[in-house]
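Let me begin by presenting the structure, written as structure tokens, before commenting on it.
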Amino acid sequence: MSEHAFSHEERAAVYRAIAERRDMRHFSGGEVPAEILARLLEAAHHAPSVGLMQPWRFVRVSDPQLRESIHELVEAERVRTAEALGERSDEFMRLKVEGIRDCAELLAVALMEGRDAHVFGRRTLPEMDMASVACAIQNLWLAARAEGLGLGWVSLFDPEALAALLGMPAGSKPVALLCLGPVQAFYEKPMLVEEGWATPRPLSELLFENRWGSSGE
Ligand SMILES: Cc1cc2nc3c(=O)[nH]c(=O)nc-3n(C[C@H](O)[C@H](O)[C@H](O)COP(=O)(O)O)c2cc1C
């Protein structure tokens, strides 16, 4: 064991947050105390980012009318997604895929404008800006689980329409709507598994040695 390792209890807590984090779409109203919301946003802001670019921007949606307009955007995209799914359309429409109206807090997360000026780590892989934002969201997600709060990542929206609603500058891009707040209970498994929509694959099928597809045996 490395001398830098956390204590047994601390390690267990980290792994527990990772294992018990769930994408939540059922919320029980209530509120997120300001000091907890501040902690969660600090956790997000501690994320790694390509070239220390910190490309994330957060918009807290506190205006109920704006929240309603955002819900309409998501609902429109839900219907378009169902159409695009063809034969699984009805099954998809029965799934709950967002909790925008029920969550205590709604946050929009976006990529900043002017990202082309950042070349370090992005010359061949410009999408590392998006990867950095995802790291920030994952930090927030895990911290929320540790605080006992649910979080659901919603990506069902037209980014241009959401950018217009939020008054975002040209070149920026919204990538997530985060529904955050108290929940009655956390799903034991991913909801898409509980609902029979998808089957997760075990790590052993996704881990290779030296050559893609090889288990090294
Ligand atoms: C980038 C990203 C976008 C997602 N968008 C949605 C979404 O629009 N609606 C939804 O219900 N879930 C969304 N999810 C949640 C996934 O469905 C969920 O993470 C997956 O089913 C595994 O479940 P778990 O997060 O509870 O482990 C998204 C997750 C990620 C990482």
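Numbering of ligands and ligand atoms starts at 1, following listing order. Side-chain atoms are counted along with the backbone in the values below, which use heavy atoms only and exclude waters and symmetry mates.
Taking the ring centre of Trp197 as origin, the terminal cationic atom of Arg88 falls inside the region bounded by 6.0 Å and 45° from the ring axis.
The side chain to side chain contact (heavy atoms under 4.5 Å, CB included) test with Leu40 singles out one residue from Glu147, Glu35, Glu105, and that residue is Glu147.
A donor-acceptor pair under 3.5 Å is absent between the side-chain atoms of Asp129 and the main chain of Pro55, judged by distance alone. At distances below 3.5 Å, not a single donor-acceptor pair connects side-chain atoms of Trp56 with backbone N or O atoms of Cys135.
Summary of contacts: the protein heavy atom closest to atom 12 (N) of ligand 1 is Arg25 NH2, 3.2 Å. Scanning the protein for heavy atoms near atom 5 (N) of ligand 1, the closest one is Ser155 OG, 2.8 Å. Protein heavy atom in closest approach to atom 18 (C) of ligand 1: Asp23 CB, 3.8 Å. Protein heavy atom closest to atom 23 (O) of ligand 1, with residue, atom name and distance, is Pro190 CB, 3.2 Å. The protein non-hydrogen atom at the shortest distance from atom 25 (O) of ligand 1 is Arg21 NH1, 2.8 Å. The nearest heavy-atom contact from the protein to atom 9 (N) of ligand 1 is Val97 O, 3.0 Å. Of the protein's non-hydrogen atoms, Arg22 NH2, 2.6 Å is the one closest to atom 27 (O) of ligand 1.
Atoms of ligand 1 found under 4.0 Å from any heavy atom of Leu156, numbered from 1 in the order shown, are 8 (O). Heavy-atom contacts of Leu192 reach the following atoms of ligand 1: 17 (O), 21 (O) (cutoff under 4.0 Å).
The shortest heavy-atom distance from Lys189 to ligand 1 is not under 4.0 Å.
Electrostatic pairing of Glu68 and Arg101 counts as a salt bridge here, judged by a charged N lying under 4.0 Å from a carboxylate O. The pair Glu42-Arg39 fails the salt-bridge criterion, with no side-chain N (NZ, NE, NH1 or NH2) lying under 4.0 Å from an Asp/Glu carboxylate O.
In terms of N/O distances under 3.5 Å, ligand 1 is not approached by Lys96.
With no hydrogens or angles considered, a side-chain donor-acceptor pair links Ser7 and Glu10 at under 3.5 Å.
Nearest-residue assignment for atom 1 (C) of ligand 1 (options Phe157, Trp197, Trp153; heavy-atom criterion): Trp153.
In the displayed structure, Glu188 atom CD is contacted under 6.0 Å by at most 12 heavy atoms of other residues, nucleotides or ligands.
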- Task: Apply side chain to side chain contact (heavy atoms under 4.5 Å, CB included) to the pair Leu106 and Leu178, showing each step before the final yes or no.
- Result: CA-CA 6 Å; Leu106 181 62; Leu178 302 182; over 6 Å; no
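Closer than 4.0 Å to atom 20 (C) of ligand 1 lies none of the heavy atoms of the protein.
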